[in-house]
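Worksheet: one structure, shown below.
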Amino acid sequence: QVQLVESGGGLVRAGGSLRLSCAASGSMFSINAMDWYRQAPGKQRELVATITRGGSAAYANSAKGRFTISRDNAKNTVYLQMNSLNPEDTAVYYCAAEIYSGSGYTNYWGQGTQVTVSS
């Protein structure tokens, strides 16, 4: 019943910026950690950034200093602000959320949004 929907992906030139959003909807009691992952062609899916319910964030080394994860608990939404993008950031970006529904914690995934950075 829970659904995560990403938006904000697209084509951007190297050095540019994008802001990704992921909104959770459906029946849920609480959302704990929310994350952004990405998967480039021929590569494994990797964690880009994670944020706790209280707002504590952690980043992959490749994202530190360039990306910022944030969340709005009232809107059940997580964001990823991406600055100084380069072609190596090209990937499908997925959001994930750890959600408590009453019977336990379940991880949910969004459908992904394509980010393409041109040189």
Side-chain angles (χ1 to χ4, degrees):
Q1 192 63 234
V2 175
Q3 185 177 19
L4 303 180
V5 179
E6 301 99 332
S7 62
L11 177 64
V12 66
R13 295 177 61 184
S17 299
L18 284 174
R19 182 177 173 85
L20 306 182
S21 299
C22 175
S25 62
S27 180
M28 62 190 79
F29 288 172
S30 65
I31 305 175
N32 296 312
M34 302 187 80
D35 319 299
W36 285 100
Y37 289 78
R38 68 185 182 188
Q39 188 167 25
K43 298 181 66 177
Q44 298 276 51
R45 186 174 298 187
E46 64 175 340
L47 179 66
V48 178
T50 185
I51 185 168
T52 68
R53 180 178 178 84
S56 297
Y59 301 90
N61 287 333
S62 60
K64 290 179 181 177
R66 300 189 300 127
F67 294 1
T68 302
I69 188 171
S70 61
R71 65 190 287 170
D72 185 337
N73 290 337
K75 296 181 178 180
N76 293 330
T77 299
V78 63
Y79 307 93
L80 186 68
Q81 177 67 45
M82 304 186 292
N83 299 324
S84 301
L85 287 164
N86 57 63
E88 291 71 38
D89 296 314
T90 295
V92 177
Y93 284 71
Y94 300 89
C95 70
E98 182 184 41
I99 296 175
Y100 182 72
S101 62
S103 59
Y105 295 95
T106 303
N107 289 321
Y108 291 89
W109 293 85
Q111 82 288 350
T113 185
Q114 177 70 49
V115 171
T116 302
V117 184
S118 65
S119 59

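Below, each value reflects all heavy atoms present in this structure, side chains not excepted, and no hydrogens, waters or symmetry copies.
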Acceptor/donor pairs from residues 98-106 side chains to any protein atom, 3.5 angstrom cut, sequence neighbours excluded:
unit_1: Tyr100; atom_1: OH; unit_2: Gly102; atom_2: O; d: 3.2

Donor-acceptor pairs under 3.5 angstrom involving side-chain atoms of residues 2-23: please list them, not counting sequence neighbours.
unit_1: Glu6; atom_1: OE1; unit_2: Gln111; atom_2: N; d: 2.9
unit_1: Glu6; atom_1: OE1; unit_2: Gln111; atom_2: NE2; d: 3.2
unit_1: Glu6; atom_1: OE1; unit_2: Gly112; atom_2: N; d: 2.9
unit_1: Glu6; atom_1: OE2; unit_2: Cys95; atom_2: N; d: 2.9
unit_1: Glu6; atom_1: OE2; unit_2: Gly112; atom_2: N; d: 3.2
unit_1: Ser17; atom_1: OG; unit_2: Asn83; atom_2: OD1; d: 2.9

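Atom-to-atom distance recorded for Asn76:CG and Met34:CE is 7.0 Å, nearest 0.5 angstrom. To the nearest 0.5 angstrom, Ser84 atom OG is 8.5 Å from Asn86 atom CG. Rounding to the nearest 0.5 angstrom, the gap separating the OH atom in Tyr79 from the CG atom in Asp72 is 5.0 Å.
Remark: the backbone N or O of Thr52 is paired with a side-chain donor or acceptor of Arg71 at under 3.5 angstrom. Although no hydrogens or angles enter the test, the distance criterion places a donor-acceptor pair under 3.5 Å between the side chain of Tyr59 and the main chain of Ile69. For the pair Asn73 (side chain) and Arg53 (backbone), a donor-acceptor distance under 3.5 Å is present.
Taking hydrophobic clusters as Ile, Leu, Val, Met, Phe, Trp and Tyr residues chained together by side-chain heavy-atom distances below 4.5 Å, Trp36 shares a cluster with Leu85. Under the 4.5 Å side-chain contact rule for hydrophobic residues, Val117 and Val48 share a cluster.
Between Trp109 and Tyr37, the angle of the ring planes lies from 30° to 60°, which puts this pair in the tilted group.
The nearest pair of heavy atoms linking Met82 to Val115 is CE-CG2, 4.0 Å. Between Ser70 and Ile51 the shortest heavy-atom distance is CA-CD1, 3.8 Å.
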Practice item. Decide side-chain contact (heavy atoms from CB on, under 4.5 Å) for Ser118 and Thr116; before the verdict, give the C-alpha distance in whole Å, the side-chain angles of both, and the deciding distance to 0.1 Å. Key: CA-CA 6 Å; Ser118 65; Thr116 302; 5.7 Å; no
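Sorted by first and then second residue, the salt bridge (charged side-chain N to carboxylate O under 4.0 Å, His left out) pairs with a member in residues 26-39 read Arg38-Glu46, Arg38-Asp89; sequence neighbours excluded.
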